[in-house]
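Down below is the structure, laid out as structure tokens.
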Amino acid sequence: MAQDLLGCVVSRQRVSGLIVETEAYHEIEPASHAYVGRTARSGTLFGPPGFAYIYRSYGIHTMLNLVCEPEGSAAGVLIRALEPRSGLPRMRERRGRVGDHDLCSGPGKLAQALGILMSDNGRDLRVGPVLVRPRPAGWTPGPVAVGPRVGITKAVDLPWRFALAGHPDVSRPRPRGAG
DNA sequence: CATGGGATTGACT
DNA sequence: GTCAATCCCATGC
């Protein structure tokens, strides 16, 4: 799912971007919020697929995940970077004085650029306010870079990070592995 | 109820 | 390269 989401489009109220980087998380591995079982925070991860799992990181940043796997099984894809597609003026207002390639080049950045809120947690991503739509017509993925996930201390060896190789909007450090 | 630690970022050296 | 910011929640007593 994390690979298949590359090229899909995330939007919120006329601000949108194309997914260029993702990470996969699953209850079977200790980096997942669901590893210890269902808690107040991770509840939506155990719900049906296609919903938004949103949480706050480091007290500051908002993270957007797409819930995967049937109800009862907890897995999700962290959306880590977008190529800005529409609503760039609104993104620039929210993000301040940064270059366009840094508007959405990280999970906290894209959430800020799109105005994603904690209250968007648990909403259906086919209904909104946060939407995930299929790849644009005619869009085909180029080479995919694969590597270990960023910013975690457990299960650091799993190569579950995926990005469009060489894309300028991918977060640092860039994954290097061949897909 | 108290404590501790992040699926990060931006400013600074 | 270092480091602080600082919310939410898991854990343990």
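Order of the sequence lines fixes the chain letters, A, B, ..., with proteins taken first and strands second; residue numbering starts at 1 for each chain.
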Inset, instruction - Write down the distance between CE (M63(A)) and C1' (dG6(B)), rounded to a whole number of angstrom. - result: 10 Å
Inset, instruction - For dA7(B), give its Watson-Crick or G-U wobble partner with both distances under 3.5 Å, or none. - result: none
Legend entry - Flag, side chain of R135(A) to backbone of L6(A), donor-acceptor distance under 3.5 Å: yes
Inset, instruction - Provide the closest heavy-atom pair for E69(A) versus A75(A) in the form atom of the first, atom of the second, distance. - result: CG-CB, 3.8 Å
Inset, instruction - Let me know the distance between CD of E23(A) and C1' of dT8(B), rounded to the nearest Å. - result: 12 Å
Inset, instruction - Check whether any side-chain nitrogen or oxygen of K109(A) sits under 4.0 Å from OP1 or OP2 of dG10(B), and answer yes or no. - result: yes
Inset, instruction - Please report, rounded to the nearest Å, how far the P atom of dG6(B) is from the OH atom of Y35(A). - result: 15 Å
Inset, instruction - Please lay out, stage by stage, how R80(A) and T22(A) fare under the test side-chain hydrogen bond (donor to acceptor under 3.5 Å, both in side chains). - result: CA-CA 5 Å; R80(A) 284 194 57 90; T22(A) 59; over 6 Å; no
Legend entry - Letter per nucleotide, 5' to 3', of nucleotides 1-13 of chain C [B base touched, S only sugar-phosphate touched, - untouched; heavy atoms, 4.0 Å]: ----BBB-SSS--
Inset, instruction - Considering just the side-chain nitrogens and oxygens of R95(A), establish if one lies under 4.0 Å of OP1 or OP2 belonging to dG10(B). - result: yes
Legend entry - Sugar-phosphate only, base, or nothing, as touched by V98(A) at under 4.0 Å among non-hydrogen atoms: nothing
Legend entry - Whole angstrom value for the distance that separates C1' of dT8(B) from CD1 of I54(A): 16 Å
Legend entry - Nucleotide dG6(B), atom P - distance to CG of L78(A) in whole Å: 16 Å
Inset, instruction - Check whether any side-chain N or O of N65(A) sits under 3.5 Å from a backbone N or O of V67(A) as a donor-acceptor pair, and report yes or no. - result: no
Inset, instruction - Could you tell me whether the side chain of E29(A) and the main chain of Y35(A) form a donor-acceptor pair under 3.5 Å? - result: no
Inset, instruction - Look only at the side chain of R149(A) and the backbone of P159(A), and say whether a donor-acceptor pair between them is shorter than 3.5 Å. - result: no
Inset, instruction - Name the residue closer to the 5' end of DNA chain B, choosing between G151(A) and Q112(A) according to the nucleotide with the nearest heavy atom. - result: G151(A)
Inset, instruction - Whole angstrom is fine here: how far is it from CG in L103(A) over to C1' in dG10(B)? - result: 15 Å
Legend entry - Nearest-angstrom distance from the residue atom CZ of R172(A) to C1' of dG10(B): 13 Å
Inset, instruction - May I have the distance from H33(A) (atom NE2) to dG5(B) (atom P), rounded to whole angstrom? - result: 15 Å
Inset, instruction - Assess whether ring pair (Phe, Tyr, Trp, His ring centres under 6.0 Å) is satisfied between F51(A) and Y53(A), documenting all intermediate values. - result: CA-CA 7 Å; F51(A) 282 63; Y53(A) 170 51; over 10 Å; no
